[in-house]
2 protein chains.
Amino acid sequence: MAAAARPRRSAATRAAILAAARDRFAADGYERATIRAIARDAGIDPSMVMRYYGNKAGLFAAASEIEVHAPDLTHVPRDEAAARLVRHFLERWECDETLTAMMRVGVTNEAGAERMRGVFAEQIEPVLAAVCPVPEEAPTRAALVASQILGMALCRYVLHVPPAVGLTHDEVVAWLAPTIQRYLTAEHP
Amino acid sequence: MAAAARPRRSAATRAAILAAARDRFAADGYERATIRAIARDAGIDPSMVMRYYGNKAGLFAAASEIEVHAPDLTHVPRDEAAARLVRHFLERWECDETLTAMMRVGVTNEAGAERMRGVFAEQIEPVLAAVCPVPEEAPTRAALVASQILGMALCRYVLHVPPAVGLTHDEVVAWLAPTIQRYLTAEHP
DNA sequence: GTCTATAATTCGATAGAC
DNA sequence: GTCTATCGAATTATAGAC
């Protein structure tokens, strides 16, 4: 018991804070998610949040690190790329509420919007550019793809529009994939 | 000087409050748009807002009365309906910031989300149902249409994703209309 | 490393004078 | 009909004890 005698729980505490922050930001958005509530959820004192993350903005920045993990489409048959993409985002969205948090904050907070633009530019655009016939059209095509995928996520996971919620994964894929496919590879209209 | 002697400015004040509220809700969302700031913009005292609208929720309810004015599609050639719809919403969105306010609030506030679902059910669904071949498919098709239109509005007017902002009206219509047209009338996949 | 206590703001809402 | 004054509650953030 020389070195690790006293349990240093800082790592665990940090993780608990982050998890609670993601929950709260996802559920309430930036303004209504209070440090106090996050600390209560994490079972620690509000001042610990400040100690570890400086301030509320810093906490959000840490809690909203997004890894979209967009699938590599270069080795997918061209006519299956869109379906693969749609299914990926459905599953991604449903297993990680950070995406909902990012949406909630991105809509009401300029820093959040900037973060979403960053995710788009660094994680979405490059993946789609890899399968885009004309490179200089990639940003536009990626924005179109994003508009449809984010729009479905908005209706389904944030606004809870009943007919959008009621669709199965297969139905969403069947409806959206042809759209995405066209945005990806169809001739510029 | 019997009846209307003293200038009763209540109507003008009410209108000024509403206009300022729409601005603030659109710019800041529900939580950050304060009654004090709205009153300052309107050039009156904060207590007037309370007097006229009871509380903040009442003010938002009044400020977010939405009339989408979706065009009647029953007399439009079937293959032009989608383009008409897309162009209508582009123009509508750019001339009335209430729509942006509704989006900002709908994403972070349950009352706002309920209002958006109401607009969808009462103003969007019926218009699309009128041109939907199979009536019972109307809600699903309307939700798909909404997902694409709201998604583009989100990227373009709220998140300001550069490639989405850079598109002209004609380009947006050219890209989105075939999508909407398929959601409206194509055979259920 | 954790918590108590509190400073400094800011907000929604109310009471009442004019 | 409009404004002044203010209450009570909630927030972020800090200082410091243990």
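Labels below follow one simple rule: chain letters A, B, ... track the order of the sequence lines, proteins then strands, and each chain is numbered from 1.
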Without decimals, in angstroms, what is the distance between [X] [atom1] and [N] [atom2]?
| X | N | atom1 | atom2 | answer |
| --- | --- | --- | --- | --- |
| B:I17 | D:dG1 | CD1 | P | 12 Å |
| B:I44 | D:dT4 | CD1 | C1' | 14 Å |
| A:R14 | C:dG1 | CZ | P | 10 Å |
| B:N55 | C:dA13 | CG | P | 5 Å |
| B:M50 | D:dA5 | CE | P | 19 Å |
| A:Y30 | D:dT11 | OH | C1' | 12 Å |
| B:R36 | C:dT9 | CZ | P | 14 Å |
| B:K56 | C:dT10 | NZ | C1' | 12 Å |

For the side chain of B:R51, starting at C-beta, report the closest nucleotide among C:dT14, D:dG1, C:dG1.
D:dG1
Using a heavy-atom cut-off of 4.0 Å across all strands, would you classify A:S47 as base, sugar-phosphate, or nothing?
base
How would you list, by chain and number, every residue that makes a side chain to side chain contact (heavy atoms under 4.5 Å, CB included) with A:A16, sequence neighbours excluded?
A:A42
Walk me through whether A:Q148 and B:S147 qualify under side chain to side chain donor-acceptor pair (under 3.5 Å).
CA-CA 7 Å; A:Q148 176 60 96; B:S147 79; 3.0 Å; yes
Let me spell it out: for each of A:G54 and A:R32, pick the nucleotide of DNA chain D with the closest heavy atom. Which residue's pick is nearer the 5' end?
A:R32
So which pairs with a foot in residues 34-44 of chain B pass side chain to side chain donor-acceptor pair (under 3.5 Å), sequence neighbours left out?
B:R24-B:D41
C:dT2 phosphate, OP1 or OP2, under 4.0 Å from A:T13 side-chain N/O:
yes
Can you tell me if A:Y52 touches the phosphate of C:dG1, counting only side-chain N or O atoms and a distance under 4.0 Å to OP1 or OP2?
no
Honestly, is B:R32 close enough over A:Y30, meaning NZ or CZ under 6.0 Å from the six-membered ring centre and within 45° of the axis?
no
